[in-house]
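Residue numbering restarts at 1 for every chain, and letters A, B, ... go by the order of the sequence lines.
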There are 2 protein chains.
Amino acid sequence: MARPKEFNPDEALEKAMQVFWHKGYEATSMEDLLEAMDLNRGSLYDTFGDKRQLFLKVIDRYCTCFVGPKFSMLDQPGPALPALRQFIQGMIGGALADPQRRGCLIANTVMELAPHKHDIARTMTRALKMGEDAFFGLLTRAKRQGELKPDKDPRTLARFLTTMMQGTIVMIKAGASAEAVRQSAETALTILD
Amino acid sequence: MARPKEFNPDEALEKAMQVFWHKGYEATSMEDLLEAMDLNRGSLYDTFGDKRQLFLKVIDRYCTCFVGPKFSMLDQPGPALPALRQFIQGMIGGALADPQRRGCLIANTVMELAPHKHDIARTMTRALKMGEDAFFGLLTRAKRQGELKPDKDPRTLARFLTTMMQGTIVMIKAGASAEAVRQSAETALTILD
DNA sequence: CATATTTTGGAATGATCGATCAAGAATAAC
DNA sequence: GTTATTCTTGATCGATCATTCCAAAATATG
């Protein structure tokens, strides 16, 4: 019950996310963040803690605001496989549309920090697992609805799709052409037939 | 023609590679490198240049000493698809056997540096392209030898395999189980049938 | 042995890193 | 209006960053 913040913490977090997404964890300095978030040291440390804590909050925001909503289209009632197809094409379209080709913050973080920052990495692993489970749920439903041949295993396919999605992110970051990316994604989806 | 180096530049480069592979570019300090390579500042800068140049030399070594030899098994005469299968299983086995799960230095570097260090990233893109071309060569041969149905397109399949391989690296770094990784790789390979 | 050349070892550079702190400004509660 | 509390601002901390530089040590050549 005193002086109110002059900034919107959520907007500031959004700005921080953009920076981490672009430069990764290690290459992003507090200086970079202060400038992008347009606030001063005291406010940043008071509100978000140190760099590590801020990053974890950013990851959390990324999952709930960015990834979550997109995955939610996977458990809408109705035909499952078309929804899956649309989801993947949407993901690819989004990643290709980003002029900076920043890929996926989760994948980026796994690749950058997994071998030497185990605590942060664990959060990433959990996020990827959630994606796999979303695929699994959809594929199970597809099978129940007769969209998937009975001999197909939803868990295996879910893992395959997750792997393929991560690989696609890598290729996009590596500068692959839209045509190449879409082609290989189409090829991957023929697995479901 | 004077005092000879007290260290083996190639061994030193190997040590440097291990560090970069483990911690990535940004998180690796010259201090880390000096300790691992067991030489002093002067020798390092004299022999390898600055951090950036050293890293490029490391990448070069990684490609010629690590990746190159493994890809060379793809253009041995004989049945093509079994060789491909063996190559992929070998790659997965190697990545899983690494206790640190460091993945692939090329993929790591693409993911860490592509959006904000374009010059280094270009080298990585070229390396990935070479991998794709190796797959393409093998698949073309497979088609010629009747191991691949005539309606399959080697270029598309090569891109698909490259994507899948990169995705597998991500999953391994993310801590996926050996079983999950092998399963989804097997699934991917059914594309060739 | 003498000399030219190179490596070695480490001091030292300025820049930047993440993080802390204190003092002043602003506002809610009383 | 006073007071208590919170936020803002910027100076500042020690540590570490990548890099440079030079004197001492070592060796090949003449």
Any salt bridge (Lys or Arg N to Asp or Glu O under 4.0 Å) pairs touching [range], not counting sequence neighbours?
range                       : result
residues 42-58 of chain A   : A/Arg52-A/Asp119
residues 169-181 of chain B : none
residues 95-108 of chain B  : B/Asp98-B/Arg102

Please identify each residue that fulfils salt bridge (Lys or Arg N to Asp or Glu O under 4.0 Å) with A/Arg141, with sequence neighbours left out.
->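 Scan of A/Arg141 (salt bridge (Lys or Arg N to Asp or Glu O under 4.0 Å), adjacent residues dropped) gives none.
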
Only counting residues at least two apart or in another chain, list the ones meeting salt bridge (Lys or Arg N to Asp or Glu O under 4.0 Å) with A/Lys129.
-> A/Glu132, A/Asp133

Apply side-chain hydrogen bond (donor to acceptor under 3.5 Å, both in side chains) to A/Asp10 and list each qualifying residue two or more places apart in sequence or on a separate chain.
->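 Scan of A/Asp10 (side-chain hydrogen bond (donor to acceptor under 3.5 Å, both in side chains), adjacent residues dropped) gives A/Arg61.
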
Under 3.5 Å donor-acceptor pairs involving side-chain atoms of residues 184-193 of chain B, not counting sequence neighbours:
unit_1	atom_1	unit_2	atom_2	d
B/Ser184	OG	A/Thr163	OG1	3.4
B/Ser184	OG	B/Val181	O	3.4
B/Glu186	OE1	B/Arg85	NH1	3.1
B/Glu186	OE2	B/Arg85	NH1	3.3
B/Glu186	OE2	B/Gln89	NE2	3.4
B/Thr187	OG1	B/Gln183	O	2.9
B/Thr190	OG1	B/Thr187	O	2.5

Tell me, which pairs form a ring pair (Phe, Tyr, Trp, His ring centres under 6.0 Å) where one or both residues lie in residues 72-91 of chain A, sequence neighbours left out?
->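 Of all non-adjacent pairs touching residues 72-91 of chain A, those that pass ring pair (Phe, Tyr, Trp, His ring centres under 6.0 Å) are A/Phe71-A/Phe87, A/Phe87-A/Phe135.
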
Please list all pairs passing the ring pair (Phe, Tyr, Trp, His ring centres under 6.0 Å) test where one or both residues lie in residues 172-193 of chain B, with sequence neighbours left out.
-> none

Could I get a table of every N or O pair under 3.5 Å where one atom is in the protein and the other is in nucleotides 8-14 of chain D?
unit_1	atom_1	unit_2	atom_2	d
D/dT8	OP1	A/Glu6	N	2.7
D/dT8	OP2	A/Ser43	OG	2.8
D/dT9	OP2	A/Asn40	ND2	2.2
D/dT9	O5'	A/Asn40	ND2	3.3

Under a 4.0 Å heavy-atom cut-off, which of residues 49-59 of chain B touch DNA chain D?
->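 DNA chain D contact set from residues 49-59 of chain B: B/Asp50, B/Lys51.
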
In whole Å, what is the span from the CG atom of B/Asp38 to the C1' atom of C/dG9?
->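 Rounding to the nearest Å, CG of B/Asp38 and C1' of C/dG9 are 13 Å apart.
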
Aromatic plane relationship, A/Phe20 with A/Phe55 - under 30° parallel, 30 to 60° tilted, over 60° perpendicular |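 The arrangement is perpendicular - the two ring planes meet at more than 60°.
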
Of all of residues 18-34 of chain B, which get a heavy atom below 4.0 angstrom from DNA chain C, listed by number?
-> none

